[in-house]
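Every chain is numbered from 1, with letters handed out A, B, ... down the list of sequences. Predicted model, so just to flag it, every value in this text is computed and none were measured.
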Amino acid sequence: MTESKDLKNRRRRRSKKQIWKLSAPQGGALANVAPVFSDDHRFLVVLHALEIRLYAFPARQCVVRVPIVGASMAVDLYVDSSAELTSEGFPKVWVAMRNGVCISVDWKSESSKSINLNGLGVQRIHKILGVVDQAQTFVLAVSDGVHDSDISIVRVSADGSSPPSTLLQVNKASLISLSHSKSHFILGSSQLSKHYKKAGSGSVEVLTVGKFGNPTSFETVVSTTIERARSSSTIAVSDSGVVAVGSMTGVIDLYYPVTDAESTNERRLEYRQSSKAHVIRTLKWHLDPVRALSFSLDGNYLISGGNEKVLLFWQLDTGNIQFLPRLPGPITNIVVDNTSTTYALSLGNNNEDIVLLAATDLDARLRVSSINASYNDIPPLSLARANISSKEPQSSASLKLLNLSEEAKRAKGFISNILDSAEISLPNFSIFPSAIHQFTPHAQQQSLKPHLYWYFPTITDAQIQIYDPLRGEQVAVQSVARTLQLGKVLFEEAIPDPTITQLCLSADSQWMATVDETTTQPIDDLLSKSDVQINLKFWAEDSASNEGAVGWKLVSQITSPHGSDVPVAAVVAAPQAYHRGHAFITACHGRGLRLWRPRIPQVRSRQVEWSARHIIDPSYEFSISKSSLDFSADSVRELPDVSLAWASDASIVLLGTGFDIYVVAVPTEKSGGSFEAVRCFSGIIGSPVRGLGLIGTSIIVLSERQLTVYDILRDDIAWSANIGYTPKGCKALIAFGESSFAVAINYASKAKSGLALLSNVYLFSHKSPIPLHVAQHSRPIAAVHSIPSVSKQKFTFIDTDKTIYTLSGPDAATGAEPLKDADVGDKAPAAEAEITVDVVPDAGSTAILNPKSGKFTIPAKESTTETTTIPEGSAQPDVVLKTTIVDTVFAGPEYAVGDLDGVFDKLLEVIGQKEE
Amino acid sequence: MDFRRCKFLDYNSHPITALAFSHASVTSDKYAPKTLRLAVGRANGDIEIWNPRSSWVHEITLKGGRNRSIEGLAWTQSGADLRLFSIGGSTVVTEWDLQTGLPLDHCDCNAGIVWSIAPSPDGTKIAAGCDDGSVVIVDVEGGRGVMEHGRILQRHKSRVLSIAWRGNTQVVGGCADGRIRVWTAVAAGEVGELNGATSEGVVGRIIGTMRVDKAQGEETLVWSVVVLGNGKTIVSGDSTGSVKFWDAAHFSLLQSFKVHEADVLCLASNEAADTVFSAGVDHKIVRYSVVDNKLRRWANMSSRLLHAHDIRALVSYESKNANYLISGGVERSIVINSVDNFIDGVFRKIPVSPPRHHVHSVGDRQLVALCGDNQVKIWALEKFHSSSEAIPEGKNKRVVASLALNNDENITHAALSVDAKYLAVATNAETKLFLLLPSKQGFGFKAKKIASPALAGQGCSILGFDPSSQHLVLVTAENEIFIYSIGHQDKLRELPYTGDSAEGKGELKQALPYLDNINNLAFSADGKYFALSTISGYVVVYDWPNQSIHWSLPRIPSIPSVLKFCPDNDSLIVVTTQMKVLQFSVASQALSDWSRRNSGILPPEFNNLVDKCSGISIDEEAPDRAWMWGASWLANFDMSADIPVFRIPKRKRNGLSVE
């Protein structure tokens, strides 16, 4: 037992020292909750996915942020006007969670306190209507857990001192809104019409307008109902009880309550109130559904917005309209502050932006953006793959026990888990086409720490969003191509925006290359309507003229860089070794390559022009075996992925397309000539290529079905692993560091409620198929990138929730990577060079080769977290193995058919022999 | 039996220029009077009178004449009598005789062309706005046919385009110089005060002027004004497209709406005076409502696009059982909407189809005649050779005769004889008989007028040839029936007709005397019987050879729209505006067996039709089949079979089959 205790201690020590760390999440989307203004109109409270932030107006920036757990559950933000402000003037803010929890935010200590009302008969909260008695009593719109749309207005004591009292109940309610002063509220519900009840068909919308009898204590409710035939999409109520209803057809209906009448009209009024208590008014401008409505404070204006991206101001007295067109996204929410001087608009279908407009000049005062990246749709898996596995998927911690030794079982368990995940068909989800992050050091201010920015091509408008994950804010938006600003005219929507297909930054971040494609506008019905205009653009970093902020200016634009209608399939930046990295290579689908260099790379002046220096034409004769171009049936309709990688010593470029990998010699100044394909590897990857890279002398290829590491020097596959399915277009799922690389694999797993999409990030060294680290993630991953760090290896990835994580490895000094390895990488050692296959026991994560037994051992994992174990008796000195020893393992047919069990048997056999 | 769809008849309906309801709206707890009628004035001078009951029935047309457009209509009530006045591009106000359809009297205003007309709320006076800027008050208190020149209000320089009464004492006029003027029209002592509106100043003087916006330096034309029920608010619509609300007590602007893109030509308000409708050149009808009663704030509530062309007239009527917003214009059809449920209520467009009396056909000769305004056109159709053979477009018909009368009066009726030998054309002033001679060119006819002093002196409203084509029946405006025998003496013989003597002069007929007018004639094919009907539902069958009354039918409770004798059995089919099909056996003087069994259970598809029956045709090959048609439908009744009634099949006793 002492031994095991010792082991545990050691394990703990080692894990502490060497573990790959996953950073706290950064970025994230904005929560789908309308922002709120503080009562004194100094602050705006915005709920992000990870934290709640207070933005101050004069400063136009975030002043306090408080982490909130489970912000995706939030349904409402509420500023308690009755509560005292903090000494800084921060308002008292409540966050209502769907599950019946109200969270009060303490700005001072940057913490939050939650009050669980769940036990008090509150199952689900829909909205906070009021907080009274120093948060002793809440007035809430709630429903029981069963009938989510049967909403009750209840008054709940937080301490349970008095039972909750129901003030009003409305069944089948789908919309709820509150007036500015919180005096009126409105519920929109769909109910069976009285008139049609007998016929059994026809439902009507019933709007219930409620008014609190006493606006400070919220004790009683007076309510009236309005019946209407049109289906509504959004509702609003003014402080005077005027109701605005936006319908799916774009018509806005206003319901005026019939107020005190003139004496002569009394009789008519009686009649009116008996049959219809409201006068209806219709406002017509929108053609698409109205998605947001709000009254101005005094009720003189109605503000509406929808999919047209136009904000409308209706002056209700005259019916005059004022427009604010060309907003960045569909308007989903409008909040008016309580001085009516500022409007907060939520824009975008997923609440991508919150824009603060000043009412006086309709100028944006503040813009809060989430990551505004576009996700691609993945082509569906072929049917052959889709029907495979119905067996219970396993979490990666579980092992598959077969008739093997304990260690072998573990090793097998690890691999089989990967296989399992591949067996389950991936449902469609989306992924970035390209996402790039880069240091942007400020040339003039060297003292400043370099920033890390992500670059996201946006869904619309052909822009690149530059995002700072650390601050969680958008830094800048770079427009790449001219887009037509959509106004109101319907057919304009048929004109497509240019799409950014490629995005690449040079190694020193001085240059950026983008490719955008524009399809011809279909509205003109021209002969050239199927033409695609392709522009390759080179941008110079322009922080100087941009006051230190990130900015890019266009230097060169090359139309149709590979000829007309030939899309650019891949772009790669040169390594530092090649002209200080000031070069890009582009590839097109026909294996054409072009090398681009600036004409005066030393002086960055306006005269800088980029031009193609070296060209491989598509007609260039590679030694192509015909069979290698024979793609599987479902990929024929689309061109194969093309991937490029440039060796760090600048000598060669790898071009992967289809099943082929070409090694292309880069023309130098001396040789002067053009590209020369020196090698072609056909069929080593077994499935179409997705992404590739070079570490040292190893070519690492992520293909559709497997990960292959090919040693150039030995001219053989070093190892390969079948790690699941990588959909087409997912180049960004592999990233290369100095000596390791990261691969993200998304897979589906059966969860309680159907299939759940999960992902693993594997960190590999090119030397071993045993991962250095496996990080599990509960969301699909969209892109992985390596951070060129001096001290540590770092990989960063973003998931489909727009959350960014960073995996940082052990310090370079303590060295997961042996020195010798670095030699291998740089100096091209002899083929017989002995490589230390210490599979980093100190890295602590997954696998260790037991030098005595020569067997792989995989630590058992206790849970799905990244906690790691080391195997028993591993405290042995490092051992040296020849790389060639396992060659035979991969030589046989077992490997070729992907029979990993067989491969493992073989591997064990080989290692076992050596032991003997 | 062959059907032809004749799309080539160049029937031109005329734009609606004026609309007027016979009664003012009543509060929602009262029913509309039975005498409620809508007068529709058209650009050719015709005035149609529509009854809103049984989904709008056209009762009579008061015929106009050449260049006599109706520019304004007004109804007043003297006791039980309803009186209809019109103006039209002349200096006179015309009162119409509702019984004969002829003008009863003219009152010359002596102040230029009359542009606008409005009856006072108490129905004692009519204000007429004239070209020279004067407003003439015509006193109509004296009963039918009495129009006294009352007083000319203070003159100014521009014409009065629109006029409205504020109470019974003040007149509001919209003028062509962009001003709205208010006159004291009647001394305060002359009538009782209404709605607190006091008359100020000297009678006849302008007491207030309001000025609308100028557009591009031109004077704005104030096309329409209305005074809202409570007399507190004046609403104006002008040529800049704006609708303005004015405080009538202080003559100050309350609110202005610029919703219309072009001239606002007409306005209407509801009974509660909290909703106003405006319409005009931009085809839209816009609704405004009071949104704040305390502040009297109005808002533009909604608009509806129901017309495809300019809207010239707009009128509303509300009561417990009626709720109409009627609009009409260049598009010609009457559009019926609801005041209460303006936004999304159902609306109806009464189709523009020629009134039945305008089209005639002679089946044997394949002739179709259309009369209207001042001309008659006759087309000849190619005979069908086989039903499958398509006749090329344009070659299947040709105009064989075209007559243009040089009278000023519009044609009231025309008739073709069965042998297509004679054509008779009537106006309210004279009747003309033509002999149709085949022309020498081979096809076509030459119309030769048969000189007949007797006919020339007798205008009539309905004409008919008997089957022998020897006798022409004339029904005059005064409901006298004359027979003219062709080729005999040039003399009119009167057919004994006593009218609907069974019923006394009811209140309804007192108000609307035209209800006793004859509206249909029919001959049996063998010439044995002759039938006529009145609007009030009185049908009488004559023994034609003896020219004596054969049978007075039991009274029909609604207006008979069509009479038709069946070819074989001497039975008479009557279709009424309530969509009843009645078949009478003339010989046995009773309802036929078929009608007794089936008239009460006509299928709802037929009963619910809103467009009235405009004709019956009987298939000679299958004489039991009656084809009926309206503007938008065609129905076929088999008079030999009973209408199937839905029965639930009974189970037979063995439980295995149904009977």
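To the nearest 0.5 angstrom, B/Ile343 atom CD1 is 11.0 Å from A/Arg281 atom CZ. Distance check: A/Asn320 CG to B/Lys258 NZ gives 10.5 Å after rounding to the nearest 0.5 Å.
Other residues, nucleotides and ligands contribute more than 12 heavy atoms inside 6.0 Å of the NZ atom of A/Lys284. In the displayed structure, B/Tyr31 atom OH is contacted under 6.0 Å by at most 12 heavy atoms of other residues, nucleotides or ligands. Heavy atoms of other residues, nucleotides or ligands lying less than 6.0 angstrom from NZ of A/Lys211 number 12 at most. Counting heavy atoms of neighbouring residues, nucleotides and ligands inside a 6.0 Å radius, atom OH of A/Tyr301 does not exceed 12 of them.
The side chain to side chain donor-acceptor pair (under 3.5 Å) search around B/His309 returns none, not counting sequence neighbours.
A donor-acceptor contact shorter than 3.5 Å is absent between the side chain of B/Ser302 and the backbone of A/Leu283.
Interface with chain A: from residues 261-269 of chain B, no residue qualifies, criterion being any non-hydrogen pair under 4.5 Å.
Proximity to chain A is limited to the backbone of B/Val290, based on heavy atoms less than 4.5 angstrom apart. The contact between A/Ile280 and chain B is made by backbone and side chain atoms together, counting heavy-atom distances below 4.5 Å.
Nearest approach of B/Gln255 to A/Asp317, heavy atoms of both residues: NE2-O, 3.8 Å. In this structure, A/Thr282 and B/Ser303 approach most closely via the heavy-atom pair OG1-N, 4.3 Å.
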